[in-house]
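Below: the structure, in C-alpha cells.
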2 protein chains.
Amino acid sequence: MTGRRKSPLEIDVTEAHMCSVNLRLHILSQVPFFAGLSQADLDRVNSLFNEQGYAPHETIYFSGDAVKHMFVVADGRVRLMRHSPSGKDVLLDILTPGEFFGSFSAQGDEVYHETAQAHTQTCVLGISVNDFRAILEKNPQVVLRVLDITSARLQAANVRVHQLSALPVEGRIAYLLLVLCAKFGKPGNDGVLIQTPLARDDVAAMTGTTSETASRVMSQFQKDGLIRTGRQWVAVIDLFALEEIAKAEIS
Amino acid sequence: MTGRRKSPLEIDVTEAHMCSVNLRLHILSQVPFFAGLSQADLDRVNSLFNEQGYAPHETIYFSGDAVKHMFVVADGRVRLMRHSPSGKDVLLDILTPGEFFGSFSAQGDEVYHETAQAHTQTCVLGISVNDFRAILEKNPQVVLRVLDITSARLQAANVRVHQLSALPVEGRIAYLLLVLCAKFGKPGNDGVLIQTPLARDDVAAMTGTTSETASRVMSQFQKDGLIRTGRQWVAVIDLFALEEIAKAEIS
DNA sequence: CGACGAATTGAACCTATTCAAAGGGTGTGG
DNA sequence: CCACACCCTTTGAATAGGTTCAATTCGTCG
C-alpha cells in the first residue's frame, strides 16, 4: 500500500504509542546516567517513571510552563525548540531514545526555557523533579554523569554559537548534516541515511536561516554529489567534502 | 596624574599581580560551589590551589591544549574565546572574580575547547583536575552546585543561539549590553557603567558581527540617548528602551 | 606634545532574506 | 487503483542588512 513511497526513511506507524515494560527497562538501563545502577536500583527507578505517548507535532510541554517533570525519550524523536514572537522558531535539538530533557539542574528552574514537541510517533518516560532530585542526592555517581552530559551539551551549544557567528550558511548546514549523520546515520545502499524526518524548515531552524536558503544550499550539495535528498529526508554521500566546507572559513 | 582621563572606568594598575592570602580565602569562599564547605575544608581546598598573575592579553591556556587545571578568577577579568582560521574570533564570555573556567566535566575532557586570556590585570587560582575531581567525589553538594552553574551556562548559551538565529544585530547588541550591565554594572552619575574595558571589537566578537557595525549601532544608541560610550567603555542610560529593542523578536 | 590604537564614517559590494509562483512527493478518499 | 488535495520543495527576481575596504577623527598614554 505504500509501495510507491520513495522516501528511504523507516517510519513507525503504531497507533497509541505505548512502550512495553521490557522496552522501558531497556531504555532506562541505556540512559547514560543510570548505567551504573544495580538491577534493584534500576527497578526502583523504573517504578518512579510513568509513560506517555504522543503523536507527531503534539506538544509535551511549552516554554514558560512550570517545571514539573524530567523526561527520557523511550521511542521516537523529540524536538526541543525556542519560539520568537516573529514566528521564527529555533530548533535546538532533535532527541533520540535514551536522551533526557526537561529540567535537570539540581537547583530546579521555575519554568521550562524551551518547548518540547513530538517529532514523530513518540513514547516518553517522565519522572517528577522531586523524585529525580532524590535520586541525584542518593547517587553521587549519577550526578557526575548528569554533569558530564550537561557539560557536553554546553560544549555543543558553544560550537553552535561559534558557527552562527563565524560561518556562512553553507558551512553551518554542512556541519549540521555531519552532526545529524553521527547521531542518526544508518549506512545504506548509497550514502549514510539520516534516520529521522528532516524538512528544509528543520534544517533552517537549526542553522539560523530560511527554508528557501536551506533548499538552495542543499540542492547545490546534491548537484555536487555530496548528498542525496528528497522530501523530508537526507542521505550523506561525501562526508569528507562536507567537512571541508564546514571547516573552510573565508580566509 | 590621570586627571585628564575621560574614561569613567576604574582600572587596576598593580604590577606583578598577585593576590594576598586573605584575598584568596575570601574569593574561594565566595565561589558558589565552595560556599557550603566548612572553614577546615575550605582551608584544605585552598592549599590545593596555586595562584598566577597575568598581564592584559596574556594567554592562560590555548584552545587545544591538554587539560591540566581548573581555574577560578581571583581578581581582574578573563576572556573565554574561540578561534577561527579566518581570524574571526568569537568571545564566549568575560569572567569576573569568583567565576570558574577550564575543565569542569567530571569525566575530564582531553583538551580545552576555548582559549582563556587575561582581559585586564588578573590573578587566577588554579587547581589540578585530579585534585578537583577528588573534591567533587568527596563532596556531593559541590557537584550539585557545579551542575547548577553548568546548567545555567547551557541556558545562557541557548539564549545566545536563539538570538544569533532570530535577532538582527541591533537587538543582539542591545541584549548584550543588558547582560553586561547586570553582571558588571555600577550605578554612577548618569546611567549604569559597565565596569570592564569593552571595545567595539569585543562587542562585535560577542554578537557575531564586525567592529564597524557594532560602532554604527552603538553610535545610534548614543544619539538616541540610550547609552553613553567612549573608548573602551559603555554606560547604559535607558535600560527599558534597550529591553524593547532586544525583545522585539524574543519571547 | 606626539604617537599609537580605537572609533567613526562613507561607499561599493555581497550574502542571504523576502515575496511570489510553479513543481513534486505523499497519502487520503473516491 | 487512480486522482486529487495538501504540503513540502524548488526556483526566480527584487531588496535589505551587513560586510568589507579605506580614509579620517579622536582619545589615551608615554
Side-chain angles (χ1 to χ4, degrees), chain A residues 1-11 13 55-57 84 86-88 119-120 163-173 197-205 207-223 227-234 245 248-251, chain B residues 1-11 13 56-57 84 86-88 119-121 163-173 197-205 207-223 227-234 245 248-249:
Chain A
M1 64 175 170
T2 51
R4 294 198 311 287
R5 283 185 79 236
K6 283 188 191 170
S7 170
L9 284 188
E10 295 164 19
I11 52 169
V13 283
H57 302 292
S84 307
S86 64
K88 179 157 188 168
H119 185 56
T120 63
Q163 295 212 343
L164 285 165
S165 301
L167 272 189
V169 177
E170 249 198 349
R172 304 203 301 265
I173 292 183
L198 192 68
R200 302 293 177 272
D201 282 347
D202 297 326
V203 172
T207 54
T209 184
T210 60
S211 58
E212 293 94 331
T213 298
S215 176
R216 280 183 247 270
V217 169
M218 289 170 71
S219 295
Q220 190 57 49
F221 284 174
Q222 177 154 244
K223 270 178 202 147
I227 63 174
R228 291 203 329 121
T229 180
R231 186 195 176 98
Q232 304 245 51
W233 64 270
V234 184
I245 294 172
E249 317 211 357
I250 349 96
S251 74
Chain B
M1 66 174 171
T2 51
R4 293 197 312 285
R5 284 184 79 236
K6 281 190 194 170
S7 170
L9 283 188
E10 296 164 18
I11 52 170
V13 283
H57 301 293
S84 306
S86 64
K88 178 157 187 167
H119 185 57
T120 64
Q121 286 283 11
Q163 296 212 342
L164 285 165
S165 301
L167 272 190
V169 177
E170 248 196 351
R172 304 203 300 266
I173 292 183
L198 191 69
R200 301 293 177 273
D201 282 348
D202 297 326
V203 172
T207 53
T209 184
T210 60
S211 57
E212 292 94 333
T213 297
S215 176
R216 281 183 246 270
V217 169
M218 289 171 70
S219 295
Q220 190 57 49
F221 283 173
Q222 178 153 242
K223 270 177 203 150
I227 63 175
R228 291 204 327 122
T229 180
R231 186 194 176 96
Q232 304 245 50
W233 65 270
V234 184
I245 294 172
E249 307 241 355

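Basis for what follows: all heavy atoms, side chains included, without hydrogens, waters or symmetry-related copies. In what follows, every chain begins at residue 1, and chains take the letters A, B, ... in the order their sequences are listed.
Rounded to a whole Å, the CD atom of B:Q232 is 10 Å from the C1' atom of D:dG27. Note: CZ (B:R172) to P (D:dG17) measures 13 Å, nearest angstrom. In this structure, B:L167 atom CG and D:dG17 atom C1' are separated by 14 Å, rounded to whole Å. Distance NE2 (B:H57) to C1' (C:dG5): 10 Å, rounded to an integer number of Å. Between the P atom of D:dT10 and the CD atom of A:Q220 lies a distance of 12 Å, rounded to the nearest Å. In this structure, the CG atom of B:D202 is 16 Å from the P atom of C:dG5, given to the nearest Å. Whole-Å rounding puts the B:L198 CG to C:dG5 C1' distance at 16 Å. For the pair B:I173 CD1 and D:dG18 C1', the interatomic distance rounds to 11 Å; values are reported in whole Å.
Residue B:Q222 is the one, among B:Q222 and A:G208, whose nearest nucleotide of DNA chain C lies closer to the 5' end (criterion: closest heavy atom).
Evaluation of the side-chain hydrogen bond (donor to acceptor under 3.5 Å, both in side chains) rule for A:T213 yields A:T210 as partners, not counting sequence neighbours. Every residue meeting the side chain to side chain contact (heavy atoms under 4.5 Å, CB included) condition with A:T229, not counting sequence neighbours, appears here in chain and number order: A:R200, A:M218, A:Q222, A:I227, A:V234. Every salt bridge (Lys or Arg N to Asp or Glu O under 4.0 Å) that B:R228 has, sequence neighbours left out, goes to B:D190.
Applying a 4.0 Å cut-off to non-hydrogen atoms, the residues of residues 209-218 of chain B that approach DNA chain C are B:E212, B:S215, B:R216, listed by residue number.
When the options B:T209, B:I245, B:I173 are evaluated for a side chain to side chain contact (heavy atoms under 4.5 Å, CB included) with B:V217, the one that passes is B:I173.
The backbone N or O of B:L167 lies less than 3.5 Å from a partner atom in the side chain of B:R172, making a donor-acceptor pair.
Put simply, OG1 on B:T207 and CG on A:L164 are 12.5 Å apart, with the number rounded to the nearest 0.5 Å.
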List, with names and distances, any nitrogen or oxygen atoms from the protein found under 3.5 Å away from nitrogen or oxygen atoms belonging to nucleotides 24-26 of chain D.
none

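The two atoms that bring A:A166 and B:S84 nearest to each other are CB-OG, 3.6 Å, heavy atoms only. Heavy atoms only, all atoms of each residue included: A:A204 and A:S211 are closest at CB-N, 3.5 Å.
When the local axes at the two ends of the helix from C:dC1-D:dG30 to C:dG30-D:dC1 are compared, using 5 base pairs at each end, they differ in direction by 40° after rounding to 10°.
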Working note: A:D202 + A:H119, criterion side chain to side chain contact (heavy atoms under 4.5 Å, CB included); need CA distance, chi angles, decisive distance, verdict.
CA-CA 11 Å; A:D202 297 326; A:H119 185 56; 3.7 Å; yes
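For B:P168, whose side chain is taken as the heavy atoms from C-beta onward, the closest listed nucleotide among D:dT28, D:dG18, C:dT26 is D:dG18.
Between A:S219 and D:dT11, a side-chain N or O to OP1/OP2 separation shorter than 4.0 Å is present.
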